[in-house]
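In what follows, chains are A, B, ... by sequence order, proteins preceding strands, each numbered from 1.
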Amino acid sequence: MTDQLVKPLPISGFPEWVPEVRLVEQHWIDAIRRKFERYGFCSIETPSVEALEVLMAKGETSKEVYTLRRLQADADDDSDARLGLHFDLTVPFARYVAGHLNDLVFPFKRYQIQRVWRGERPQEGRFREFTQCDIDVINPEQVSLQFDAELPRIVHEIMTELDLPAWSLYLNNRKILQGFYEGLGIADPIEAIRIADKMDKIGADGVGELLSTQLGLSQEQVSACLDLARINGGDSSIVDAIGRLGVKSDLLSEGLDELAFVLDSLSDLPEGSVRADMSIARGLDYYTGTVYEAKFLDWPSYGSICAGGRYENLAGSFTKRSLPGVGISIGLTRIFAKLLAEGLLTTGASCPTDVLVVLPSEQRRGDATATAAELRGRGLNVELYHQADKVGKQIRYASRKGIPYVWFPPFDDGKPHEVKDLGSGEQVVADPATWQRD
RNA sequence: GUGGGUAUAGCUCAGUUGGCAGAGCGCCUGGUUGUGGUCCAGGAGGUCGCCGGUUCAAGUCCGGUUAUCCACCCCA
């Protein structure tokens, strides 16, 4: 027992915002949601926890999963022990689809905006709790390649609407990488892909070094890999460039066809917003075709602000039906936090209130309450100042919260209502039944 | 998990070779009568992260511990 104060420290990696910042974040979420719905994606929400075996179904991410346990659980009670907080929205989505096969209409297009948790060391742009905005399309047997192009288009429209600093969406296709590496006779293409993905981090020399020391590749193989990784461009002409490297495999040409299709489909987007880049691989091993990764141009090492790709059978662990899909995720928290840190967010009011109704005196409370109610009835967000403080203090309250208008009910019988515009300082006679804000 | 930095007021930080705890911003009050922002005056607010050691004396030096930040790993 103690009556000492607990320091109200924020928890590292678990961001929270002051009201005026949160208001901006809510507007972002609204904009993202509207755009997802504009393309016909429907919303689902899955529980924050999944069975550990679901979370572990793909990849070995066990170390970053937070597990659930009651503080006072009996020693022999492990009923919750098999639950973990989800670390992304794709795996829960796959489980959801597999579990609701009979209730869903396919191709199933869903969006999901939820928090996820990862037990990693927090850093700039790296959080332990953050919000992802996912869209995925999933369909039995096959998903049209059109979706591979539609998803980046949606993301492009959202990022444009949010007016983000310069960014680019990088595109690749796992089939190209895997086919190319197999065509080179590399035994472990998956591991080679993983190493190649570090290109922007450790550079071509570093990647070459790892490829030769860890995978034992020959000098020719290494230089071929690096030649491939160096190829990038905004249109399908890069397909020819890759072809000129002289490696042949069926998988490779399949990947090249797909990539060319996606690039051609997006050719109307502004120059540079979508680029193919052979050094992009994505760490997650369930991607099998198109992969996406977006970054800020000014802060390339900040990490990806958006990522996704195509997977042939993500739900394979949950059902025998073949359920390929393609999806993309916007890293809302990562993007938002960066803009906040760079001072690039324009914040306004800290509350949604349009009008503060002044309480002139305790005797006038009835009038003031009625005035507030009338304004609310006309669709305005209105709060009544509940203490008969000095008028200056009441105005100051409105001013500090960013409330644009202060309403003065009559201070004496027979006097008119007045409304003050805090932006201009102007104060005019007004009728609560007809007043319109500018 | 590995390596390095930091820890002083609500926030951002100063604090000399060890000698009584500071600034800016923010907050509260006042500058008469029914009006915010600017300006002026006043005020509140700190076991100097925590535990131990050296010393007449520790925010300052030493050891430990915790938190935090950065890099690695990995990723939105």
Side-chain angles (χ1 to χ4, degrees), chain A residues 4-15 18 32 59-65 86-90 112-134 155 159 167 169 194-195 197-198 200-202 206 280-285 287 291-296 301-309 327-338 341 356 358-361 364 385 388-412 415 418-428:
Chain A
Q4 283 206 329
L5 288 177
V6 175
K7 288 204 173 185
L9 294 173
I11 305 172
S12 173
F14 290 76
V18 292
I32 293 168
E60 39 199 311
T61 43
S62 58
K63 63 178 177 180
E64 62 184 33
V65 171
H86 57 223
F87 55 85
D88 73 4
L89 300 176
T90 308
Q112 205 170 343
I113 301 175
Q114 284 184 243
R115 293 187 187 217
V116 303
W117 293 267
R118 290 186 194 173
E120 292 179 298
R121 275 278 209 282
Q123 273 175 49
E124 188 196 22
R126 173 173 311 174
F127 302 96
R128 293 193 282 176
E129 176 179 72
F130 57 98
T131 300
Q132 285 190 318
C133 310
D134 270 42
V155 166
M159 309 256 256
W167 55 275
L169 182 80
R194 195 179 281 279
I195 292 172
D197 194 40
K198 301 177 194 297
D200 60 337
K201 211 84 173 187
I202 60 178
I280 298 295
R282 302 266 62 237
L284 291 179
D285 49 11
Y287 295 119
V291 290
Y292 313 106
E293 177 163 318
K295 291 184 172 188
F296 285 123
S301 61
Y302 182 65
S304 38
I305 56 178
C306 175
I328 197 164
S329 173
I330 299 173
L332 174 73
T333 307
R334 179 171 278 181
I335 298 171
F336 193 77
K338 184 59 176 171
L356 176 78
V358 162
L359 182 64
S361 64
R364 291 273 154 187
Y385 196 95
D389 286 332
K390 293 169 66 173
V391 175
K393 189 168 177 181
Q394 299 193 41
I395 294 171
R396 183 169 144 78
Y397 167 82
S399 175
R400 293 189 54 211
K401 285 182 77 175
I403 298 170
Y405 296 96
V406 175
W407 193 279
F408 300 90
F411 280 60
D412 299 292
K415 293 273 184 64
E418 293 181 17
V419 64
K420 183 185 181 79
D421 178 335
L422 288 192
S424 64
E426 244 180 294
Q427 184 166 334
V428 296

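A straight line from CZ of A/F411 to P of B/rG34 spans 9 Å, rounded to a whole angstrom. Across the protein-nucleic acid pair, A/Y397 atom OH and B/rG37 atom P stand 17 Å apart, rounded to whole Å. The separation between A/E418 atom CD and B/rU35 atom C1' is 10 Å, rounded to whole Å. What separates CD1 of A/I11 from P of B/rU66 is a distance of 18 Å, to the nearest Å. If you measure from atom CH2 of A/W407 to atom C1' of B/rG34, you get 17 Å, rounded to the nearest angstrom. A straight line from OH of A/Y385 to C1' of B/rG34 spans 15 Å, rounded to a whole angstrom. Distance A/I195 CD1 to B/rC74 P: 10 Å, rounded to the nearest Å. For A/E293 and B/rC74, the CD to C1' distance is 12 Å, given to the nearest whole Å.
When every heavy atom of A/M159 is checked against every heavy atom of A/A294, the shortest pair comes out as CE-CB, 4.1 Å. Minimum heavy-atom separation, A/P360 to A/P409: CG-O, 4.1 Å. Between A/Q394 and A/D389, the shortest heavy-atom contact is NE2-O, 2.9 Å.
Considering only heavy atoms from C-beta on, A/I403 stays 4.5 Å or farther from A/L422 through its side chain. Between A/T333 and A/P15 there is a side-chain heavy-atom pair separated by less than 4.5 Å.
Regarding contacts with the backbone of B/rA71, a side-chain N or O of A/Q123 is found under 4.0 angstrom from either OP1 or OP2. Look at A/R115 and you won't find any side-chain N or O under 4.0 angstrom from OP1 or OP2 of B/rA76. Side-chain N/O atoms of A/K393 include one lying less than 4.0 angstrom from OP1 or OP2 on B/rU29.
Within 4.0 Å (heavy atoms only), A/R121 reaches at least one base atom of the nucleic acid. Residue contacts shown for A/G303 are absent, as no nucleic acid heavy atom lies under 4.0 Å away. Residue-level contact check: A/L422 touches the bases, meaning some heavy atom is under 4.0 Å from a base atom. Counting any heavy atom pair closer than 4.0 Å across all strands shown, A/P360 reaches no nucleic acid atom. Across all strands shown, A/S12 has heavy atoms under 4.0 Å from sugar-phosphate atoms exclusively, and none from any base. Within the 4.0 angstrom heavy-atom criterion, base atoms lie near A/F408. Residue contacts for A/K295: at a heavy-atom cut-off of 4.0 Å it reaches no nucleic acid atom on any strand shown. Here A/K420 lies in heavy-atom contact (under 4.0 Å) with a base. Counting non-hydrogen atoms under 4.0 angstrom, A/C133 reaches nothing in the nucleic acid. Using a 4.0 Å heavy-atom criterion, one finds that A/E124 contacts the sugar-phosphate atoms exclusively.
Nearest to the side-chain atoms of A/R400 among the listed nucleotides B/rC27, B/rA76, B/rG34 stands B/rC27. Checked against B/rA76, B/rG31, B/rG36, the side chain of A/S399 finds its nearest nucleotide in B/rG36. Of the candidates B/rC69, B/rG34, B/rC74, B/rG34 carries the atom nearest the A/V391 side chain, counting heavy atoms from C-beta on.
Between B/rC51 and B/rG4, the distance separating the two C1' atoms is 24 Å to the nearest Å. If you take atom C1' in B/rU38 and the same atom in B/rU33, they sit 22 Å apart, rounded to whole Å. Comparing B/rC50 with B/rU66, their C1' atoms sit 7 Å apart, to the nearest whole Å. Rounded to the nearest Å, the gap between the P atom of B/rA57 and that of B/rG43 is 34 Å. Nucleotides B/rU35 and B/rU68 place their C1' atoms 45 Å apart, quoted to the nearest Å. Look at the C1' atom in both B/rC13 and B/rC48: the space between them is 13 Å, to the nearest Å. Comparing B/rU55 with B/rA41, their P atoms sit 48 Å apart, to the nearest whole Å. To the nearest whole angstrom, the two P atoms, one in B/rU6 and one in B/rG22, are 25 Å apart.
Side-chain atoms of A/K401 and A/Y397 include a donor-acceptor pair closer than 3.5 Å.
Side chain of A/Y302 to main chain of A/R334: a donor-acceptor pair is present (N/O by atom type, distance under 3.5 Å, no hydrogens or angles).
For B/rG1, the paired nucleotide is B/rC72, the pair qualifying as Watson-Crick or G-U wobble because both relevant distances are below 3.5 Å. Base pairing of B/rG19: its partner is B/rC56, meeting the Watson-Crick or G-U wobble criterion (both donor-acceptor distances under 3.5 Å). When both distances must be under 3.5 Å, the Watson-Crick or G-U wobble mate of B/rC50 is B/rG64. With a cut-off of 3.5 Å on both pairing distances, the Watson-Crick or G-U wobble partner of B/rG10 is B/rC25. Nucleotide B/rU32: unpaired (no Watson-Crick or G-U wobble partner with both distances less than 3.5 Å). The partner of B/rU38, taking Watson-Crick or G-U wobble pairs whose two distances both stay under 3.5 Å, does not exist in any strand shown.
When each of A/R396 and A/Y302 is assigned the nucleotide of RNA chain B with its nearest heavy atom, A/R396 is the one assigned upstream, toward the 5' end. Mapping A/T333 and A/D421 onto RNA chain B via the closest heavy atom, the residue that lands nearer the 5' end is A/D421.
Side-chain atoms of A/Q427 come within donor-acceptor range of the base of B/rU35, with a qualifying N/O pair under 3.5 Å.
Under the rule for a ring pair (Phe, Tyr, Trp, His ring centres under 6.0 Å), A/F408 has no partner lying at least two apart in sequence or in another chain.
Taking the ring centre of A/F296 as origin, the terminal cationic atom of A/K338 falls outside the region bounded by 6.0 Å and 45° from the ring axis.
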